[in-house]
Amino acid sequence: MCGRYATSRTPSDLARDFEAGLSDAAAGLVADYNVAPTDTAPLVIGRIDASSPGVPPAREVVAAAWGLVPSWAKDRSIGNRMINARSETVAEKPAFRRAFAARRAVVPADGYYEWYAGQDAGTSKQPKQPFFITDPDRSGLGLAGLYEFWRPTPDADWLLTFTVLTTSAEDAEGRIHDRAPLLVPTTALDEWLAPRPLDGEHWRELLVPATPGRLVAYPVDRAVGNVRNNGPHLVEPVALS
DNA sequence: CCAGACGTTGTT
DNA sequence: GTCTGG
DNA sequence: CCAGACGTTGTT
DNA sequence: GTCTGG
């Protein structure tokens, strides 16, 4: 769940809509309709403003690579396996707990892709059908994420990486969709992005599952399966054969 | 003690 | 870095 | 998440 | 079948 998504809004639009600053690296990002693990994409984070205690942290749009690399990692390849974090255990897992305590983020997305196997999955050789899950009004989603700093050597540049939180969820019809990414509602932005530990379990109520029932889901071109393919046609609806 | 992992998803 | 397994 | 590789020696 | 890279 949530192993591929689209983010097409310009960095300056994101900065405006999230009332955030814009880093130089993020300013150079372009629309990506096929964000895959290890790819660099825009991320909204909270910055501590030590000069104004009590004021909500300033936000900033930064560029980060998908797949969280913990600070203690020997190389960045561990990030390939850290693209999602289970919300049920994220506070305890060694790979995520530090980021969860102090480096929560919002991943701006148009929507995400999900591949459905047919009814006779496994028995048929029918390829999986990708769907795009998005908000009907196209105002954009904010996926709940975490980020981390990592560098291979003390003198190397810092690499910023992120992961997306998941949960179990059911849709409007009550069907269980194994795992769904979590959304950060606009009203929860300040609390979620605050760069300090959260108080108790209250945060779980801040976040909302991004289910194909709550949002819209429609089939798209199988071309999205190949990470080399990109472009707005990937999020256009197609007829099922 | 040291060595090795540190994670998720989906499917039967 | 920190925990688990051997 | 899917697609694609899955290996070694020696040499510039 | 399973791992790595994007």
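Lettering of chains follows the sequences in order, A, B, ..., and the numbering in each one begins at 1.
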Nucleotide [N], atom [atom2] - distance to [atom1] of [X] in whole Å:
X         : N      : atom1 : atom2 : value
Glu148(A) : dG7(B) : CD    : P     : 13 Å
Trp66(A)  : dT9(B) : CH2   : C1'   : 12 Å
Asn34(A)  : dC2(D) : CG    : C1'   : 9 Å
Ile78(A)  : dG4(B) : CD1   : C1'   : 11 Å
Asp221(A) : dC2(D) : CG    : C1'   : 14 Å
Arg81(A)  : dT8(B) : CZ    : C1'   : 11 Å
Arg4(A)   : dG5(E) : CZ    : P     : 16 Å
Glu92(A)  : dT2(C) : CD    : C1'   : 15 Å

Report yes if at least one side-chain N or O of [X] is closer than 4.0 Å to OP1 or OP2 of [N]; otherwise report no.
X         : N      : result
Arg228(A) : dC2(D) : no
Arg179(A) : dT9(B) : yes
Asn226(A) : dG4(D) : yes
Thr166(A) : dT9(B) : yes

From [atom1] ([X]) to [atom2] ([Y]), nearest 0.5 Å:
X         : Y         : atom1 : atom2 : result
Phe100(A) : Ser87(A)  : CZ    : OG    : 9.0 Å
Trp150(A) : Ile78(A)  : CH2   : CD1   : 10.5 Å
Cys2(A)   : Leu182(A) : SG    : CG    : 10.0 Å
Glu191(A) : His202(A) : CD    : NE2   : 4.0 Å
Arg86(A)  : Thr163(A) : CZ    : OG1   : 12.5 Å

Tell me what [X] touches on the nucleic acid: a base, only sugar-phosphate, or nothing, going by heavy atoms under 4.0 Å.
X        : answer
Pro37(A) : base
Ala36(A) : base
Arg76(A) : nothing
Ala73(A) : nothing
Leu68(A) : nothing
Phe96(A) : sugar-phosphate
Asn80(A) : base

Same-atom distance ([atom1]) from [N] to [M], integer angstrom:
N       : M       : atom1 : result
dG7(D)  : dT4(E)  : P     : 11 Å
dT11(D) : dC1(B)  : P     : 48 Å
dG1(E)  : dG10(B) : C1'   : 16 Å
dT2(E)  : dT12(B) : P     : 16 Å
dC6(D)  : dA5(B)  : C1'   : 24 Å

query: In terms of hydrophobic clusters joined by side-chain contacts under 4.5 Å, are Leu43(A) and Tyr33(A) together?
result: no
task: State plainly whether one hydrophobic cluster holds both Val62(A) and Leu143(A), where clusters connect Ile, Leu, Val, Met, Phe, Trp and Tyr through side-chain heavy atoms under 4.5 angstrom apart.
output: yes
field: dT2(C): pairing nucleotide in any strand, Watson-Crick or G-U under 3.5 angstrom
entry: dA5(B)
statement: Among the nucleotides dG1(C), dG6(E), dT8(B), whichever has the atom closest to the side chain of Val227(A) is dG6(E)
message: As a test of reading the structure: which of dT11(B), dC6(B), dT8(B) is closest to the side chain of Asn84(A), going by heavy atoms?
response: dT8(B)
pi-stack flag for Trp72(A) and dC6(B), centroid dist under 5.5 Å, interplanar under 30°: yes
